[in-house]
J.: 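If you scroll down you'll find the structure; I have some questions about it.
As the structure is a prediction and not an experimental result, all values here were calculated from the model.
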Amino acid sequence: AAPYLAAATRTMARLYSPKAFLFVAATRELAEGLSAAVQRDLHAHTSGFDSDATAFYARAYNDALALRGAADLVMDAYFS
């Protein structure tokens, strides 16, 4: 899965130049492993269009935080 994630990450980085990528998985170890594999693949296949300024973060999925974020979006949309 990492080569496909690396290809998608490379495309997104070239199109949008984000400051960071966040990998969320069932466990923090899995997210860190995917993030590391994607970074290795990106560094192995660099071009003149790529930059090393992008940060990578890995986190475990948390139901409570996801639901709180969804509730915040609903409240923002309702009151704006």
Side-chain angles (χ1 to χ4, degrees):
Y4 296 108
L5 284 173
T9 303
R10 185 179 304 107
T11 300
M12 297 300 288
R14 289 177 181 171
L15 288 174
Y16 301 110
S17 299
K19 293 180 182 175
F21 283 100
L22 174 63
F23 288 87
V24 179
T27 64
R28 185 178 182 109
E29 292 79 15
L30 178 58
E32 288 173 349
L34 284 173
S35 177
V38 167
Q39 289 180 67
R40 279 192 305 272
D41 191 275
L42 291 176
H43 289 299
H45 302 97
T46 59
S47 76
F49 298 103
D50 300 326
S51 69
D52 291 333
T54 306
F56 286 82
Y57 300 100
R59 300 288 185 265
Y61 179 76
N62 184 329
D63 291 339
L65 292 178
L67 294 175
R68 190 177 324 153
D72 286 344
L73 290 174
V74 170
M75 297 297 278
D76 286 344
Y78 181 76
F79 288 114
S80 60

J.: Hey, any chance L5 and F21 share a hydrophobic cluster, counting ILVMFWY side chains that come within less than 4.5 Å of each other, even indirectly?
T.: yes

J.: What ring-ring contact (aromatic ring centres under 6.0 Å, His included) pairs are there with at least one residue in residues 58-80, not counting sequence neighbours?
T.: none

J.: List in chain and number order the residues that pass side chain to side chain contact (heavy atoms under 4.5 Å, CB included) with L65, two or more places apart in sequence or in another chain; answer none if no residue qualifies.
T.: N62, R68

J.: Would you check if F56 and L42 make a side-chain contact, meaning some heavy-atom pair closer than 4.5 Å?
T.: yes

J.: In the single-linkage hydrophobic clustering (I, L, V, M, F, W, Y; side-chain heavy atoms under 4.5 Å), do L22 and V38 co-cluster?
T.: no

J.: Could you state the interatomic distance from CE (M12) to OG (S17), rounded to the nearest 0.5 Å?
T.: 11.0 Å

J.: Does F23 have any ring pair (Phe, Tyr, Trp, His ring centres under 6.0 Å) partners at least two apart in sequence or in another chain, and if so, which?
T.: none

J.: Going by the salt bridge (Lys or Arg N to Asp or Glu O under 4.0 Å) test, which pairs reach into residues 21-45, not counting sequence neighbours?
T.: R10-D41, R28-E32

J.: For T27 versus A60, what's the shortest heavy-atom pair and its separation?
T.: C-CB, 3.9 Å

J.: Are Y4 and L34 linked, directly or through intermediate hydrophobic residues, by side-chain heavy-atom contacts shorter than 4.5 Å (ILVMFWY only)?
T.: no

J.: Which residues pass the side chain to side chain donor-acceptor pair (under 3.5 Å) test with S35, sequence neighbours left out?
T.: Q39

J.: Which residues pass the side chain to side chain contact (heavy atoms under 4.5 Å, CB included) test with A20, not counting sequence neighbours?
T.: A55, Y57

J.: If I compare all heavy atoms of A2 with all of A37, which pair ends up nearest, and what's the gap?
T.: CB-CB, 3.6 Å

J.: For the atom pair CG (D76) and CG (D72), what is the distance rounded to the nearest 0.5 Å?
T.: 6.5 Å

